[in-house]
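Chain A is the first sequence line, chain B the second, and so forth, proteins listed ahead of strands; every chain is numbered from 1.
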Amino acid sequence: MAESPITPGAKDFAAWYQDVVLQGDLAEPAEIVKGCMVIKPNGYAVWEILQRELDTRFKALGHQNVYFPLLIPESFLKKEAEHVEGFSPELAVVTIAGGKKLEEPYVIRPTSETIIGHFFAKWIQSWRDLPVLMNQWANVVRWELRTRMFLRTTEFLWQEGHTAHATHEEAVEETLRMLDVYAEVAEDVMAMPVIRGRKTHGEKFAGALHSYSIEAMMRNGLALQAGTSHDLGQNFGKAFDVKFQNKEGQMDYVWQTSWGVSTRLIGGLVMSHSDDKGLVLPPKLAPNKAVLVPIYRKDEEKGPVLEAAHRIAKEIGAKVDDREGQSPGAKFFHWERRGVPVVLELGPRDLASGNIVMKRRDTGVKEIVPQSNVASRLAEILDAMQKDLFNAAKDRLKANTVLANSIEEVEATLSDVTAEKGGGKFVMAHIADNAACDARLKEFKATIRNIPLRDEYDGGGKCIITGEEVDRRVVVAKSY
RNA sequence: CGGGGCGUAGCGCAGCCUGGUAGCGCACCUGCCUUGGGCGCAGGGGGUCGUGAGUUCGAAUCUCGCCGCCCCGACCA
């Protein structure tokens with residue numbers, strides 16, 4: 001047997017992740033462009049399904065898609081004090097264009113609050129213009145020092161929702177509503193359980209009043225921030241002078257929100273479900289839900305096998321791998337690495353018996369079913385696999401979540417955890433939201449991932465670092 | 001920016017120390033054979049050895065400069 005091209009996850013999780021992405025044909029490093037990647041057809045197809053799932057939900061809630069320029073005048077970023085401080089270090093700036101040095105440089109958008117704020121100011125005069133509910137599918141650039149495919153790349157694809165409201169209450173509702181949409185897509189479509197919560201002051205979006213996130217646990221126990229939703233307050237409204245006249249006839253600044261998920265979700269998908277054989281895709285996100293491998297020995301078998309293969313595949317929406325010159329074994333490995341949920345085998349034996357062989361990607365279980373039952377059995381298997389993947393991930397999350405009642409305990413649990421070695425945990429502890437606590441956690445490279453919206457533990461307690469009273473336990477972990 | 005490693009066929013690498021006809025595995029092409037978990041056999045194509053200079057009769061190999069990439073750290077909604 002040939003040696004597996006995939007490094008075992010237990011040996012080196014980071015190498016395993018790279019191998020799964022490459023062997024699954026999702027993406028490859030761009031090499032010639034530092035920190036960037038090429039998203040290949042198999043990876044882009046997954047992204048398109050995710051886009052469709054999200055986009056449908058956004059539109060059902062009244063949002064409309066728009067597109068703003070890639071280039072933003074540099075001065076715009078500077079209008080909101082926290083925003084510029086947060087983003088300056090990672091900006092790519094265009095200083096020369098058309099062979100001339102520009103009067104004012106353009107930054108390549110790292111996010112679009114500023115340029116959208118400018119146009120909101122032009123479009124909004126009255127409370128009757130509100131709410132404005134917009135979404136943009138776009139690419140953004142952030143000059144990160146350390147990149148990993150999908151998880152953190154210099155350029156990435158995302159959607160950014162931007163809304164403006166007449167009251168803070170409405171804006172907060174919108175912020176939490178969109179966080180729920182993200183959680184639903186993560187759990188129901190990606191089969192990736194998440195914890196909804198509020199970000200600490202130190203971890204919030206630069207320029208927001210409050211940020212909320214969904215946090216998922218990867219197979220190595222590290223946290224992945226899978227989506228964020230921000231209550232921007234009136235910060236950008238004031239910075240860009242987005243004013244409206246309210247029902248009482250007074251001028252007021254709009255209350256804004258912004259929210260986003262990115263191609264990072266694909267990284268989360270890989271690190272939630274895949275194994276040492278390669279990619280495992282939940283059926284709802286699989287570009288090919290089933291692939292049929294025809295098997296024949298002699299020329300006289302080839303015709304009938306292929307005929308039956310195409311007939312059955314058409315009936316159930318499967319793809320037939322009828323490539324010449326590749327053995328069935330090679331084809332099985334090919335599709336296994338690419339995460340196809342169900343691979344079917346059809347050969348002379350099956351033609352004689354009227355059966356077909358189905359193999360499930362996640363469990364590896366093979367079963368023989370009558371050809372007349374393929375369609376219904378396939379639907380059952382896909383449904384079961386979707387649920388099982390979620391439950392397995394949920395069990396892993398539970399099994400690796402622990403309580404801690406002293407900072408030493410938190411430190412002992414997390415200090416040796418790395419992305420490569422794994423062993424990560426979500427440590428639930430009473431910790432206050434302030435700079436001193438952040439600094440103490442940073443000593444062993446952990447962070448408060450979020451403060452859960454729903455307290456599933458024992459309510460309030462004293463902060464294990466400062467002693468002050470806090471109302472619930474927070475999630476502490478190492479993260480990507 | 002600090003520390004470490006590496007640039008040789010599409011990919012992965014050997015050769016370098018000790019200078020003398022550019023090699024191996026995979027992939028690719030052709031033919032035959034095979035096909036129920038990575039078939040086999042035979043033949044074949046593909047390289048300015050990252051780049052520039054120097055030493056030498058002769059440089060992938062020695063010397064110096066430059067460029068790029070990877071890993072660790074710092075940085076990071």
Side-chain angles (χ1 to χ4, degrees), chain A residues 1-6 12 14-15 18-19 22-23 28-36 82-83 85-91 110-111 113 140 142-148 151-154 156 158 160 198-208 210-215 223-232 258-262 264 277-278 293-299 301-302 305 321-337 343-353 355-357 359 364 366 368 418-420 442 445 447-450 479-480:
Chain A
M1 198 167 91
E3 201 175 324
S4 171
I6 297 169
D12 182 339
Q18 290 267 343
D19 290 343
L22 291 169
Q23 295 298 323
E28 66 180 56
E31 288 178 334
I32 48 167
V33 188
K34 188 173 160 52
C36 291
E82 269 189 35
H83 194 66
E85 200 184 319
F87 281 103
S88 302
E90 49 188 273
L91 292 179
T111 180
E113 278 76 8
V140 290
R142 298 178 187 182
W143 216 260
E144 305 282 1
L145 295 176
R146 179 122 158 70
T147 58
R148 303 177 199 252
L151 302 173
R152 180 173 286 107
T153 47
T154 300
F156 58 93
W158 77 345
E160 43 180 326
R198 184 167 62 75
K199 283 284 179 185
T200 60
H201 187 76
E203 291 273 322
K204 75 177 170 62
F205 176 74
H210 292 298
S211 289
Y212 298 83
S213 73
I214 52 172
E215 301 281 333
L224 184 75
Q225 178 173 299
T228 48
S229 188
H230 313 293
D231 167 11
L232 300 175
S258 68
W259 26 273
V261 295
S262 70
R264 170 181 257 203
K277 292 176 186 157
V293 176
I295 298 160
Y296 43 83
R297 215 177 290 261
K298 306 167 192 131
D299 273 352
E301 290 169 345
K302 183 176 171 181
V305 167
D321 185 355
D322 55 4
R323 288 175 296 164
E324 296 284 345
Q326 289 252 40
S327 70
K331 291 178 182 177
F332 295 145
F333 280 105
H334 178 81
W335 297 111
E336 184 170 76
R337 279 198 300 265
V343 173
L344 300 112
E345 309 174 18
L346 187 76
R349 240 187 262 160
D350 307 298
L351 245 42
S353 65
N355 292 329
I356 190 164
V357 179
K359 184 174 180 187
K366 265 190 193 185
I368 298 170
T418 66
E420 294 72 29
K442 197 176 178 177
K445 293 174 183 168
T447 49
I448 295 177
R449 298 317 305 156
N450 68 22
S479 71
Y480 277 101

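Counting only heavy atoms from C-beta on, A:Lys359 has its side chain closest to B:G37 among B:G37, B:A77, B:C76. Nearest nucleotide to the side chain of A:Arg337, out of B:A77, B:G38, B:C75: B:G38. Of the candidate nucleotides B:C76, B:A77, B:U35, B:U35 has the atom lying nearest to any side-chain atom of A:Pro328. Among B:G38, B:G36, B:G37, the nucleotide with an atom closest to any side-chain atom of A:Ala330 is B:G38.
Residue A:Lys445 has no polar side-chain atom (N or O) positioned under 4.0 Å from OP1 or OP2 of B:C72.
To the nearest angstrom, C1' of B:U35 lies 12 Å from CD of A:Glu345. Atoms CD (A:Glu90) and C1' (B:A74) sit 15 Å apart, rounded to a whole Å. Atom NZ in A:Lys298 sits about 9 Å away from atom P in B:U35, given to the nearest Å. A:Leu22 places its CG atom 15 Å from the C1' atom of B:G10, with the value rounded to the nearest Å. The distance between atom CG of A:Leu224 and atom C1' of B:A77, rounded to the nearest whole Å, is 12 Å. Per the geometry, CG belonging to A:Asp12 stands 14 Å off C1' belonging to B:C70, to the nearest Å. One interatomic measurement links the two molecules: CD of A:Gln23 to P of B:G12, which rounds to 12 Å at whole-angstrom precision. We find that CZ of A:Arg148 is positioned 12 Å from C1' of B:C76, with the value rounded to whole Å.
Between the side chain of A:Lys204 and the backbone N or O of A:Ala208, at least one donor-acceptor pair lies under 3.5 Å. Between the side chain of A:Lys199 and the main chain of A:Arg449, a donor-acceptor pair closer than 3.5 Å is present.
In this structure, A:Glu215 reaches neither bases nor backbone, as no heavy-atom distance under 4.0 Å exists between it and the strands shown. Using a 4.0 Å heavy-atom distance criterion, A:Pro348 is classed as a base contact. Among the heavy atoms of the strands, none lies under 4.0 Å from A:Trp335. Across all strands shown, A:Val357 has heavy atoms under 4.0 Å from base atoms, whether or not it also approaches the sugar-phosphate. At the heavy-atom level, A:Ala206 lies nowhere under 4.0 Å from the strands shown.
Comment: A:Glu345 does not engage A:Lys331 in a salt bridge, judged by the lack of any side-chain N to carboxylate O separation of less than 4.0 angstrom.
Ring-to-base geometry places A:Phe333 in a stacked arrangement with B:G38 (centre distance under 5.5 Å, plane angle under 30°).
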Nucleotides 29-34 of chain B: protein proximity per nucleotide (B base, S sugar-phosphate only, - neither; heavy atom, under 4.0 Å): ------
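Scanning for side-chain hydrogen bond (donor to acceptor under 3.5 Å, both in side chains) contacts around A:Asp350 gives an empty result, with sequence neighbours left out. Take A:Ser211 and apply the side-chain hydrogen bond (donor to acceptor under 3.5 Å, both in side chains) test, not counting sequence neighbours, and it matches A:His230.
Using a 4.5 Å cut-off on side-chain heavy atoms (C-beta onward), A:Glu336 and A:Val343 make no contact. Under the 4.5 Å side-chain criterion, counting only non-hydrogen atoms from C-beta, A:Phe205 is not in contact with A:Glu82.
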